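Here's the structure, in C-alpha cells; my notes come after.
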Amino acid sequence: MKAWLRKYSLLLPLVVWLLVFLVLPYCFIFIQSFFETDSFGKTIPGVSIDSYQRAFSNSLYIGTIFRTLIYAVLVAFLCILLSLPLAYWIAFKVKRNKTLLYTLISLPLWVSYIIRAYAWKIILGKEGLLNTFLQWAHITDKPVEYFLYSTFSTIVCLVYILTPFVAIPIYTAFEQIPKSLIEAAKDLGAGSFTTFRKIIFPLALPGIISGGTFALVLTMGDFLSPLLLGGPNTLFISNIVQNLFGTSNDRPLGSAVGILILLLIFLILGIAARSEKKLSSLKSDSR
Amino acid sequence: MSILIIKNADKFYGKNHVVKSLNLEVDDSEFLTILGPSGCGKTTTLRMIAGFETPDKGSIILKGEDITYLPPYKRHVNTVFQNYALFPNMNVSENIAFGLQQQKKDKATVDKKVTEMLAMVRMSNFAKRKPAELSGGQQQRVAIARAVANNPAILLLDEPLGALDLKLRKQMQFELKSLQQQLNYTFIYVTHDQEEALTMSDRIAVMNEGVIDQLGTPEEIYNSPSTEFVAGFIGDINKLSGKVTAQNELVCNGQNIIANTKNIPNGKEAKIFLRPENIFITQSNNGIPGKILQTVFAGTHTKLEIQLSDGNIVHINEPVNSERRYTHGDSIHLEVKQHTAIIFE
Amino acid sequence: MNTTSLKNFLVSFSGIAVLLFLYFPLVVIVLFSFNADTVNSFPIQHFSLKWYSVLFRDDELLQSIGTSISIALISTAVALLIGIPAAYAMHKYDFKGKKLIDKIVLMPITLPGIVTGVAMLSFFPFVGVKISLTAVTFGHITFLCAIVVTQMLARFKRLDPYLEQAAYDLGATPSATFFKVILPNIKTAIIGCVLLCLVLSMDEIPVTFFLIAGNNTLPLEIYAMMRRGITPEVNAISTLIFIFSTTAILLSMRLNKEK
Ligand SMILES: Nc1ncnc2c1ncn2[C@@H]1O[C@H](COP(=O)(O)OP(=O)(O)O)[C@@H](O)[C@H]1O
Ligand SMILES: [Mg+2]
C-alpha cells in the first residue's frame, strides 16, 4: 500500500545513516576488543580474550576504572548537594521570573564545554584569580600549587559543568510536587525542614536519582577535564582509552576497556532506572 | 433516497469492540443526530464516514459508491472538528479557501466562494484575522464555513458546540439548524446532549455500546423508546414496577394502569417507565398512594420527590401556580395519564 | 530576625550562591578578555581591547572558525534533511522497532563521547571515510540527528493532531498537507533546531577529537592554544563564542516555545 511505502521512505535515510555511522561502529569496537596485536603494535583480526585478560590483570586498567567510579560518585554527590538548594529556591521561594531562572540554569548546558573548562584555568592557576586574590588579601603569602593541574581542579570543573544536568531534573521533580501536599504538611504542623525531609525529598527522589545518574555516567565518559585541568597523576579511565587509541596504539585493548566502561554505565543506568521506577510506583500507590 | 449507507460496520481497537455490526441509512438533506453517552462509539462512527478510520468489517456507501477504503482527501464529505482545527498559520479567508485550492479551482471561483461563505457565517469583517484572534463562537463559524465551502455531499459535525458556553451554544444550535435548512444539506451531527439532539434533529440515532438502539424522529424517540436504554437516556423518566394483568392493562401499587403491554404475557412482572409530565397528584383517593419526601423550588414549577408504597421513588413537576402546597411527609395519591407509560419486560 | 525568616534567608542565599557559582567563571572570562595584562591576575590593572585585535590577526584561529562554520552548516543541513522526515514518520505512524530507533538515535548523547569517538575512529575507514574533516562532518551529522529527531518529535507532538486531519478532510493530499499545513506550523521549531545544531556542532569536541586530521575546528584550536599556555587571546575568543552561543540558544529556546 502507498501509506506503507511513504512511511518507510521517510524513515529509510535516518535508519541507514544510523546503521552505517553509529550502530556498526559500536558493533565494530565490540568485535575489535577480541582482536590481537602483534609485537609491532599492529592490529590483527582474530578471536581472543587476550585484551580482556590484560585489562583485568593490570591494576592500571581495572584500578583506574574503580578510581574513576569513585570520582564519579563524588562528583554526582557534590552536584546533588549544589542542585538541591538551587532547585529548592527556584521551585519554592521564587515567586516571579521562574522561567527566567530556569533558563539561567539550563543555559550553561549549551555553552561550549571547552570555555567552561578553560575558565577554571584562569581561576585556579598559579598566577590565577584565586591565588592572586588570596595573596592580595594576605590570606596566603605564596601561590597554592595544587589548585590547578590536580585531581582537585578536575573534580571542581566536572562538578561545575555537570551541576545544570543535575539541577534540572531535581527542579522538575520539585515543581511536580502538588503544592497542596506541602500546604497539608504545614497545616498538620510540620516545619519547613520536616516538610522537606518527609515530603519533598522522598517525592523528588526519582528526580534526584536521575540527575545524579547523569553526573555519574557523564563523569565516567569524560576525558577532557582531566586532560585540560588534571595533574600528572590525574588519570580517568577515558584518558586510558584515549591513549590506547593514540600514543600507545593498542586498539584491541582500548576497545576492551571502552566496552568495560559501557557495561559499567549500562549497569548504573539499569540500577537507576529500576530504583526510579520503584520509587515512582510507590508514590502513585500512596496517592 | 439514502445518501449514505453503513452496512454491518465493525470496528475494533485491539480487543475493544467499539462499533458492533452497525447499520445506518442516512436520507438526503436530513439533519441526523447520532446521540449517545460518552465512549459509545459516536466519534469512531463519524471518523469511519470521514475516512480517518477504516472499519474492520462491513462497508460504507456514499451515493451508491463504496468509499470504505477511500482516503479522507478523496471523499466528498467534510468535517467540522470539535476543537475546530483551524490552521493557525492562515487567516480566516485562507482557511476557507484551503479546500477549494486543493481542488485546483481558479482564483476567481475561490474568491467568490470565500466571499459568499464569509457572508453566510457573518464573518466578512474578520476575513484577514488569524484564528488566534477570534472568539470561540467565531472560530466555530469559520470551521463551518471552511467545511461547507467544499460543497460536501454530507457535513459531519462532532460535538461542534461542546467547547462553547451554554448561552452561545443555544444560539449556535439555532444558527446551525437554520443553516442546514437554508443550504438543504445532509448533516450528520454527533452529540451526547439529548436536549440538543431533540431540538435540532430530523431524526436521531441513539447509540449505546457500539450499537444503534433506535433510529427515529425526536417524537418517536421520546414518546416510544424501543429499549430501556433509550427510555432512560432521553428526557427525565421514572422507573416503576408492576404486573401485566390483561392485554394493555397493568397493576402498579394496587392501581390499574392502561398502557401498551406489547406482547408481554399476562401475569408477568413488568417495568413501567413514566415521564414526569404524565403523572399528576389527584385529589381523589383512588390513585397510587405515596408520601412526599422532598420539594424543590425550580422557578416555573416545583419538583416533588415521592415515595410509593412499594418503596419506588417518583419525581414529578408540580406547577407553581397550583393551589395546593405540599411539604415533607404529606400523603398523596398519584394518577397516571392513560397510554403514556412505556412498558418493558 | 526570627528563625523562620533566618531559614528563608539561608535557603535563598544558598540557592543564589549556587547560581552565582554557575555564572562566575563565565563572568571571569568576559572580564579578563578586557585585561590589558598578559597574566590573569587579581585585581585587573588596565582594561583594553587589544586581545580582540590580536584575535583578528590570528590566521590559524580565523581559519579554524571558517572550518567550524562550514562543518556546522553542512552537518546541520544534512541532519535536518534526514531527521525531519524521520521524526514526522515516527510521530505519525506506529511500527515495529520505533522504540529501538528512538534509543539508537539518542546513543551519541546518552553514551560517553569517548566510546562514540573511538568507535567511529575505528570503523569509518571501513566504509571509505578517511580520518579527516569529512569524517568529522559525518560524526557531527550523526549526533545532530539525535538533536533534530528529539526536538522535532517534541514539536510534532505539540501540534494539534486534528490540523492534519482537517487538511485531509478538505481534500489535501499527504504531500500538500505536509507542505501547506504541517511545515508552516513547525517553521519556528525548525529555525530553533537549526540554531541549536549550529551551536552544538561549533562546540563539539569528543567526537571531533578522534576523527580530525588537517585543519583544526574552533574548539580544538582553542584547546591547542590552551595547551601552548594560557594566552589572553583565548579569553577574547571565548567571550565572543559565549555571546554567540547564548544569543543563539536563547533565540532557539524562544522559538521552540512558540505555538
Ligand atoms: N484511537 C483509539 N485507540 C484505542 N481506543 C480508542 C481509540 N479511539 C477511541 N477508542 C475507544 O473507543 C471507544 C469509543 O470511542 P469514541 O468513538 O470516541 O466514543 P464517543 O465519541 O462516543 O465518546 C472508547 O472506549 C474509546 O476509549
Ligand atoms: Mg466523541
Side-chain angles (χ1 to χ4, degrees), chain A residues 6-7 10-11 13-15 17-18 20-26 28-29 32 82 85-86 88-90 93 103-105 107-108 110-116 118-123 125 127-129 132-133 136 160 163-164 192 220-221 223-224 228 238 241-242 245 251 254 258 261-262 265, chain C residues 7-8 11-12 14-16 18-19 21-22 25-26 28-29 32 39-43 82-83 85-86 88-89 93 95 101 104-105 107-108 111-115 118-124 127 138 141-142 145 174 199 203 205-206 210 219 222-223 226 230 234 238 241-242 245-246 249 253:
Chain A
R6 201 157 40 228
K7 172 164 79 183
L10 290 173
L11 276 171
L14 179 76
V15 171
W17 186 280
L18 291 179
V20 176
F21 297 111
L22 193 63
V23 177
L24 290 180
Y26 278 125
F28 183 73
I29 52 160
Q32 190 169 250
L82 290 180
L86 179 61
Y88 186 91
W89 174 59
I90 300 177
K93 293 285 165 218
T103 311
L104 278 180
I105 53 172
L107 189 66
W110 306 104
V111 173
S112 170
Y113 185 109
I114 189 117
I115 295 179
R116 284 183 294 155
Y118 165 72
W120 290 100
K121 264 191 149 159
I122 312 183
I123 299 171
E127 296 182 314
L129 192 61
T132 43
F133 173 78
W136 177 82
Y160 170 66
T163 294
S192 297
M220 290 296 298
F223 67 98
L224 274 168
L228 293 168
S238 299
V241 176
Q242 175 220 337
F245 275 86
R251 292 188 173 194
I261 299 178
L262 273 190
I265 285 175
Chain C
K7 265 191 264 176
N8 270 336
V11 166
S12 304
S14 45
I16 294 168
V18 177
L19 193 64
F21 167 69
L22 289 183
L26 297 171
V28 166
I29 293 182
F32 277 101
V39 260
N40 298 308
S41 297
F42 182 86
I82 302 177
Y88 185 56
Y93 303 104
F95 50 87
I101 296 182
I104 290 176
V105 80
M107 280 192 334
L111 298 187
I114 175 117
V115 182
V118 297
M120 288 178 169
L121 165 72
S122 304
F123 186 74
F124 276 15
V127 283
F138 278 48
I141 292 168
T142 311
C145 280
V199 169
D203 285 343
I205 297 182
F210 291 101
I222 295 176
Y223 173 74
M226 282 167 64
I230 303 177
V234 177
S238 297
I241 293 176
F242 176 58
S245 302
T246 309
I249 295 300
M253 285 178 175

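Throughout, protein chains are lettered first and strands after them, A, B, ... in sequence-line order, and every chain is numbered starting at 1. Everything numeric here is computed off the predicted structure, so don't read it as measured data.
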Portion of [X] that has a non-hydrogen atom of chain C nearer than 4.5 angstrom:
X: A/Gln32; value: side chain
X: A/Leu82; value: both
X: A/Leu224; value: side chain
X: A/Leu18; value: side chain
X: A/Leu262; value: side chain
X: A/Thr163; value: side chain
X: A/Trp136; value: side chain

Centroid-centroid distance, A/Phe21 to C/Phe124, less than 6.0 Å: yes

4.5 Å side-chain heavy-atom contact, C/Pro206 and A/Phe223: yes

A/Trp89 vs C/Val18 side-chain heavy atoms within contact, under 4.5 Å: no

If I take atom [atom1] from residue [X] and atom [atom2] from residue [Y], how far apart are they, to the nearest 0.5 angstrom?
X: A/Leu22; Y: C/Ile104; atom1: CG; atom2: CD1; value: 7.5 Å
X: A/Tyr118; Y: C/Ile29; atom1: OH; atom2: CD1; value: 6.5 Å
X: C/Thr142; Y: A/Leu14; atom1: OG1; atom2: CG; value: 10.0 Å

Top of A/Leu228, A/Ile261, A/Val15, A/Ile265 for chain C proximity - count of heavy-atom pairs under 4.5 angstrom: A/Leu228

Closest non-hydrogen atom pair, A/Leu10 against C/Ala89: CB-CB, 3.8 Å

Plane angle bin for C/Phe21 and A/Trp120 - parallel if under 30°, tilted between 30 and 60°, otherwise perpendicular: tilted

Selection from C/Pro112, C/Cys145, C/Pro25 maximising heavy-atom pairs under 4.5 Å formed with chain A: C/Pro25

